[in-house]
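Accompanying notes for the structure given below.
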Amino acid sequence: MTRRILVTSALPYANGSIHLGHLVEYIQTDIWVRFQKLQGHDCLYVCADDTHGTPIMIRARNEGITPEALVQRMHQEHQADFQAFAIAFDNYHSTHSEENRLLAEEVYRNNRAAGHIAVATVHQAYCNKDAMFLPDRFIRGTCPSCGALDQYGDACEHCSATYSPLDLKQAACALCGEKPVQNSSEHLFFQLSRFEAFLKEWTRSGTLQPEMANKLEEWFSSGLKDWDISRDAPYFGFAIPDMPDKYFYVWLDAPIGYMASTWHLCKRSGRDFDAYWRPGSTAEVYHFIGKDILYFHTLFWPAMLQGAGFRTPTAVFAHGFLTVNGQKMSKSRGTFINARTYLDFLDPEYLRYYYACKLTGRVDDLDLNLEDFILRVNADMVGKVVNLAARTAGFLHKQFQGQLSAPYPEDGGLYTTFVQAGEEIAQFYEAREYARAIRLIMALADSANRYIEVRAPWNLAKQNQWVALQESCSVAINLFRVLMTYLAPVLPVMAEKVRHLLNLPELSWAGRCVPLSGSSIQEFKHLMARIDPKQVEAMLAASRPSSPESAAPPPAAAHPSASESASPPPAPSSPPITLETFTQVDLRVARILQAEQVPGADKLLKLTLDVGVLGQRTVFAGIRAAYTPESLHNRLTVVVANLAPRKMKFGLSEGMVLAASHGQGADKTALYLLAADSGAEPGMRIQ
RNA sequence: GGCGAGGUAGCUCAGUCGGUUAGAGCGACGGAUUCAUAAUCCGUAGGUCGGGGGUUCAAGUCCCCCCCUCGCUACCA
């Protein structure tokens, strides 16, 4: 039976870039969706950018652009990142859209008409100069209990005290520095407590994982609080109908973005929106989320839907957080890795595979252990799986023009075993137990390698046993095809290459049941390269902040729009720096062991450097116009040893040699490499 | 401080209702092999299952206490 399924991932906030933590969720969801589609189900995957709120408004202001422009730009960036990681949304929309505005208004109006919305007066910090109410995070001051400077308005990071922004000493608006005053305003509240009975019922009806149900018990027992859903102007968001200068709080319209994206897709594809979101819908609706936003998705969201007369989700699946090398992602350790940075150095399918290896249906945190990552991907993907095809496809191509045996040969029941294992693997995918599915698949890969070992096609070739050779290789290719079908949700790009290799119109779960026979395959080409540990090191280096202070986001400038309009004129000299700053640059003496032309590059020379205690380095230097390779051999020069390695078209550059010139745009041949006086030894520090 | 998750071989993890000598993969080491991206195959070593107490004929598995790690949270979604 074909199921109609709608799946969402949480909407990424338009204020920041996608990083490896986000990707746990998108990869988890994408694998699940691809699995459902592979099964032949009618499954849609929708998402959108979450675009509203004060942080967006402020950031846009700081950049001197409109929030709309900022949101537009981030939308492009996010989409490019997702696409690169093969996250295949059926629709990627925005909460700043007409669909979302209409739906948000409908949800609000229906709830108001049903009496679920209350009005109350709240007292809040207000900045006269900026003419706006200040969220707690936008007030800085001295902690009233321990005296720590420059703390947020709600809590002290130093002594962990919590307080009201009004208690903060020397409180200042984070935007302009003015002292905030207290102002009152009317706010709208969604009366969550009216939904207690409904929510208790809903959360116990199989919609949640057990761990999450426990958490909800805690919230129920402490009592459900009403939810402030309005914000005062200025605010980037949707105006509340009939309420001048009031806007919907970003978290009200964010989940409605799931519906808006569905609607947007339906309009485009002739589907029926109501079949997904209105009462009577028989579709399955699933939200994949991180455990941090459980409150919104299991209390507010179903209550709002219920109150507005929409259907509620079938289930909410929460996952844990990502740690890197066992610790929270950290900018200074270089483990706060943006999706884009990862892509500069590594194949996205490595990450998809590794996450799949570790994902379960529970809410556990997931650790990206980079050493394990390298070993595991290389051993499993390249050593076990790809190798199956690599070691047998050649025989088929050389001896049989790529043709597989017909009929499918006797294999001692191996193929049947592989097909049958698919049922258990499917159950694991369905239950989001990817780690178990992968373990099973790898066990199959092991048995396929053993089969090849026993049949030893290389011996069959030597002994001119052509029939047996073709048969054993045909079996291996068929087993490989089944494995790749099982891995297709995780490795869509490689699966596509394999589909091409095998001359298949498609890979499908059901299609694995019948082995290929008599058809021919294409010539084997590399399907996946091994990870070089240097790529990972380079990625970490590139993720480290270049200066210590850039780790913390700087407070906004007072009048950004005025000061950041044009780039400054070229300065005659750089501003002064401290000795400390200078010594951050690790300059070393290096001996040029080898210098060579780089095929395809017209400005570069590839240098192999001896940097003494730091070992050998490969550096690509743009000095070809001024030097011949021979003239450089054995010379001493100066290298920046701790420059983040750079992946180039021609290979990885692990540093930079220093040369004098008139600067950019000057005569390229007037370029002079720095040298160290004779007697200097490679590896010596320059200071 | 509160809540949650967790501490099992060097690494990543399995261990069902407590039941014979605690498992897998990777890594290490030894051997075989050479078709394959030094991949593969066979084998070996390696664990007082965080610590202590208790229940039991029997505990990694149940109970209590403690230690440690991670995450969240700190009256707020």
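We name chains A, B, ... by the order of the sequence lines, and we start the count at 1 in each one.
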For this session: Provide, to the nearest angstrom, the distance between the CG atom belonging to A:L192 and the P atom belonging to B:rC76.
Result: 15 Å
Exercise. When the distance from CG of A:L368 to P of B:rC11 is rounded to whole Å, what number comes out?
Worked result: 17 Å
Exercise. Where the side chain of A:R436 is defined as all heavy atoms beyond and including C-beta, which of B:rU34, B:rU37, B:rG15 is the nearest nucleotide?
Worked result: B:rG15
Seminar exercise, completed: Residue set satisfying side-chain contact (heavy atoms from CB on, under 4.5 Å) with A:A426, at least two apart, ordered chain then number -> A:F35, A:Q39, A:W509
Nucleotide N/O of nucleotides 23-30 of chain B paired with protein N/O under 3.5 Å:
from   : atom 1 : to     : atom 2 : distance (Å)
B:rG25 : O3'    : A:K384 : NZ     : 3.3

For this session: Choose from B:rG71, B:rU12, B:rC41 the nucleotide whose nearest atom is closest to any side-chain atom of A:F321.
Result: B:rG71
Seminar exercise, completed: Mate of B:rA9 across any strand shown (Watson-Crick or G-U wobble, both atom pairs under 3.5 Å) is none
Exercise. Taking the C1' atom of each, how far is B:rU48 from B:rA28, in whole Å?
Worked result: 24 Å
Exercise. Tell me, which of residues 390-404 of chain A have any heavy atom that sits under 4.0 Å from an atom in RNA chain B?
Worked result: A:A390, A:R391, A:F395
Exercise. In terms of side-chain geometry, is the basic nitrogen of A:D364 or A:K358 positioned less than 4.0 Å from the acidic oxygen of its partner?
Worked result: no
Exercise. Does A:K225 place a side-chain N or O at less than 4.0 Å from the phosphate oxygens OP1/OP2 of B:rC76?
Worked result: no
Problem set entry | A:F524-A:H397 aromatic ring centre distance below 6.0 Å | no
For this session: Measure from NZ or CZ of A:K200 to the centre of the six-membered ring of A:F220 and say whether it is under 6.0 Å with the direction within 45° of the ring axis.
Result: yes
Exercise. Which one, B:rU12, B:rG15, B:rU33, comes nearest to the side chain of A:N369?
Worked result: B:rU12
For this session: Rounded to the nearest angstrom, tell me the gap between atom CD in A:Q470 and atom C1' in B:rC35.
Result: 16 Å
For this session: Could you tell me whether A:D532 and A:K534 have a side-chain N and a carboxylate O separated by less than 4.0 Å?
Result: no
For this session: Cation-pi check, A:R432 to A:F317: give yes when NZ or CZ is under 6.0 Å from the six-membered ring centre and within 45° of the ring axis, no otherwise.
Result: yes
Exercise. A:E424 has an atom CD; how far is it from atom P of B:rU16, in whole Å?
Worked result: 16 Å
For this session: Report yes or no: is the cationic atom of A:R231 (NZ for Lys, CZ for Arg) closer than 6.0 Å to the six-membered ring centre of A:Y249, at no more than 45° off its axis?
Result: yes
For this session: Salt-bridge test for A:E371 and A:R376: reply yes if a basic N is under 4.0 Å from a carboxylate O, no otherwise.
Result: no
Exercise. Does the ring center of A:Y108 lie less than 6.0 Å from the ring center of A:F248?
Worked result: yes
Exercise. Looking at B:rC70, B:rC35, B:rU37, which one has an atom nearest to any side-chain atom of A:R530?
Worked result: B:rU37
Problem set entry | Position toward the 5' end of RNA chain B (nearest nucleotide), A:V382 or A:D364 | A:D364
For this session: Quick one: look up who B:rU21 pairs with, Watson-Crick or G-U, both distances under 3.5 Å, and put none if it's unpaired.
Result: none
Exercise. Quantified in whole Å, what is the P atom distance between nucleotide B:rC70 and nucleotide B:rG31?
Worked result: 42 Å
Exercise. So among A:D292, A:L366, A:D367, which one has a side chain to side chain contact (heavy atoms under 4.5 Å, CB included) with A:F321?
Worked result: A:D292
Problem set entry | A:N378 CG - B:rU40 P separation (whole Å) | 10 Å
For this session: Under a 3.5 Å limit for both distances, which nucleotide forms a Watson-Crick or G-U wobble pair with B:rG30, could you say?
Result: B:rC42
Exercise. Does B:rC3 have a Watson-Crick or wobble mate here (both distances under 3.5 Å), and if so which one?
Worked result: B:rG71
Exercise. Tell me: CD1 of A:I293 to C1' of B:rC72, nearest whole Å?
Worked result: 14 Å
For this session: Pick the C1' atom in B:rG10 and in B:rG52, then give their distance to the nearest Å.
Result: 27 Å
Exercise. B:rG51 and B:rG46: how far apart are their C1' atoms, nearest whole angstrom?
Worked result: 22 Å
Seminar exercise, completed: Closest to the 5' end of RNA chain B, once A:D365 and A:N449 are matched to their nearest nucleotides, is A:N449
For this session: Nearest whole angstrom, please: distance from the C1' of B:rA32 to the CD of A:E453.
Result: 9 Å
Problem set entry | A:V382 and A:N387, any side-chain heavy atoms less than 4.5 Å apart | no
Problem set entry | Rounded distance (Å) that lies between atom P of B:rC70 and atom CG of A:D367 | 12 Å
Exercise. Where the side chain of A:R450 is concerned, which of B:rG6, B:rU37, B:rC42 is the nearest nucleotide?
Worked result: B:rC42
Exercise. Any side-chain N or O of A:N387 under 4.0 Å from OP1/OP2 of B:rA36?
Worked result: no
